[in-house]
Amino acid sequence: MEINSVPIDATFAEAFDMKATRLILTADDLQWVHESAAALTGFGTSVIACGLEIAIEQELAPAETPDGRPGVAILAFAVSSKELEKQIPRRTGQCVLTCPTTAIYAGVDGDKRVPLGKGLRYFGDGYQISKVVGGRRYWRIPVMDGEFVCEQDTGRFDGVGGGNFMMIGTDIASVTLACRAAVAAIAKLPAVITPFAGGATRSGSKVGSKYKTLVASTNEAYCPTLRGVVPSELSENEHIVLEVVIDGITANDVAGAMRAGIYAACEAAGHAGLLRISAGNYGGKLGRHHFHLHEVLR
Amino acid sequence: MTLQLENIASGGVRLDLAELDFDAFVGRSLDELKRQPIRIDGRLSELGECFHVTGSAEDCRFIMCGDCGLVDGIGTRLKQGKIRIEGSVGSGLGRNMRGGLIDVCGNAGNFVGGPLRGFRSAMRGGEIVVRGNVGEFCGYRLRRGTILVLGSSGKGVGAEMVAGTIAIGLPCMDGLGVGMRRGTIVCLRRDGQIGERLVDKGLAGNFSAPHPMSNVFRRLLADRLVHLGDDELLLRATTDMTRVWQRLMGDRAVQGLGEIWFEGE
């Protein structure tokens with residue numbers, strides 16, 4: 001299979017079930033929204049060490065937010081509900097409560113809940129106000145610019161994390177071009193995020209390490225500098241590999257994002273140094289979701 | 001399917017439905033429903049004696065029609081479902097209500113959402129909409145839930161309220177929020193004199209000075225009130241975020257953190 005002369009490997013991406021939530025962050029203007037969101041989603045690239053994979057899902061117009069102000073929807077994924085319930089209130093308290101004019105709301109319904117204002121309300125030191133409006137509980141916490149409004153909690157659902165594809169090319173310029181086109185195409189889609197910086201990572205990993213304390217280490221088969229030293233997946237003229245990692249609400253969402261990203265990458269750099277598209281997996285033994293590239297792109 | 005209750009009582013008798021459990025109507029036959037207890041001028045009687053009962057209660061939706069102006073205690077202890085009254089009602093509407101919705105097309109008497117006699121706390125959930133006016137002590141000792149009155153009110157609105165929300169078109173200033181500990185009273189209609197009138201009635205000493213309030217929560221509440229009230233004037237008054245609203249906090253006499261909202265100049 002080829003797209004714009006770029007061969008697509010007959011392999012698959014292996015993804016996992018994760019615990020996930022969705023938040024809606026608003027503020028008086030988009031600058032405050034993005035500054036708060038940048039803090040909230042900061043250090044949220046991989047569950048390996050960050051606790052969460054978290055990023056902006058999409059920008060929301062005032063008509064799409066609960067309080068009629070500009071905002072963003074944010075998706076967050078964790079390996080366990082316990083970790084999600086630890087990380088979300090902590091990040092909200094330090095990155096949203098602290099940012100001028102912001103408010104935060106549940107972005108998804110459901111019986112399983114992740115606390116937001118449930119714990120943050122104590123910052124109000126007894127001056128906080130609880131209001132139930134239309135069956136939803138909000139907390140109004142007095143702060144120095146007025147009051148911080150947040151919903152009691154948000155819903156939790158089972159999401160899919162770890163969908164991926166790798167762009168392999170001759171040089172960093174061409175693969176960067178492909179990568180940025182892919183991430184831009186995925187950014188337009190709802191229900192998915194690409195949590196790494198710029199949407200891509202250069203440090204694709206394998207499970208385990210020669211060092212007992214590490215749960216993940218470099219995937220030497222895709223490191224061009226180790227070609228000839230270890231069994232390599234790269235041919236002689238393949239010098240750069242970047243991987244786009246995708247988390248989504250459902251497996252279909254992840255598959256759709258992979259499709260959009262791969263097509264965009266191949267269209268952008270198919271004749272400009274992008275040599276091959278592949279995907280990362282662990283032999284199919286760890287993750288329940290297998291995204292076969294040829295099926296995803298069919 | 002809706003259960004329809006048509007008041008057929010004549011001779012100006014006063015009916016009290018406080019002992020009627022609307023939540024227990026589901027799954028009962030019409031004959032059983034007609035035997036449910038009510039009081040006629042204080043005398044224990046049956047629902048079927050004064051109401052023509054038709055339809056089904058399976059969906060927890062009730063419509064009351066006929067002249068219910070002398071019918072007290074409608075929706076007492078209601079936990080779920082919706083009661084729509086096609087006219088005015090007597091006093092004690094939604095006393096000790098826990099959930100559901102009561103929608104009154106006309107006026108309502110005293111103690112809307114108030115406590116039953118002998119009970120310290122009152123309504124603690126659900127929503128009441130009165131499209132006309134209400135009598136005295138609307139939301140007295142209110143603990144939770146929302147009361148929306150599109151018209152005006154008698155004295156004592158939100159007196160001794162503990163929490164919850166009362167939104168009134170034009171509330172009487174006498175005893176407004178007296179003894180309130182928490183909760184929100186919203187004066188919906190634009191009235192430039194409201195600040196001065198609060199002072200005139202001696203309330204201002206018990207409340208903080210008015211200060212501009214945040215629009216964030218106001219928008220959340222406004223959307224819900226507009227949804228409940230379905231009223232054009234209310235829509236314009238509450239959802240126009242360019243208008244400046246003021247807030248008072250009190251009642252200081254009880255170290256209260258309640259709030260009264262009104263539209264400023």
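No hydrogens, no waters, no symmetry mates; every other heavy atom, side chains included, goes into these values. Residue numbers begin at 1 in each chain, while the letters A, B, ... track the order of the sequences.
Within a 6.0 Å radius of CG in B:D21, more than 12 heavy atoms belonging to other residues, nucleotides or ligands are found. Around CZ of B:R61, the count of heavy atoms belonging to other residues, nucleotides or ligands within 6.0 Å does not exceed 12. At most 12 heavy atoms of other shown residues, nucleotides or ligands fall within 6.0 angstrom of atom CZ in B:R143. More than 12 heavy-atom neighbours from other residues, nucleotides or ligands sit within 6.0 angstrom of CZ on B:R182. Within a 6.0 Å radius of CZ in A:F16, more than 12 heavy atoms belonging to other residues, nucleotides or ligands are found. When the shell of 6.0 Å around CZ of A:R137 is examined, it contains more than 12 heavy atoms from other residues, nucleotides or ligands.
Taking the charged nitrogens against the carboxylate oxygens, B:E259 and A:K131 have no contact shorter than 4.0 Å, which rules out a salt bridge.
Both the backbone and the side chain of A:Y127 come within contact range of chain B, each with at least one heavy atom under 4.5 Å from a heavy atom of that chain. The contact between A:Q128 and chain B is made entirely by backbone atoms, counting heavy-atom distances below 4.5 Å. The contact between B:S214 and chain A is made entirely by side chain atoms (from C-beta outward), counting heavy-atom distances below 4.5 Å.
Highest contact tally toward chain A, considering only B:H227, B:R224, B:M213, is held by B:R224 [criterion: heavy-atom pairs under 4.5 Å].
The two residues A:V132 and B:T146 come nearest to each other via the heavy atoms O-OG1, 4.4 Å.
Side-chain atoms of A:I129 and B:F217, non-hydrogen and from C-beta on, never get closer than 4.5 Å to each other. Counting only heavy atoms from C-beta outward, the side chains of A:R140 and B:T184 approach each other to under 4.5 Å.
For residues 67-81 of chain A, the interface with chain B (any heavy-atom pair closer than 4.5 Å) comprises A:D67, A:G68, A:R69, sorted by residue number. Taking 4.5 Å as the heavy-atom cut-off, the residues of residues 50-66 of chain A that approach chain B are A:P66, ordered by number.
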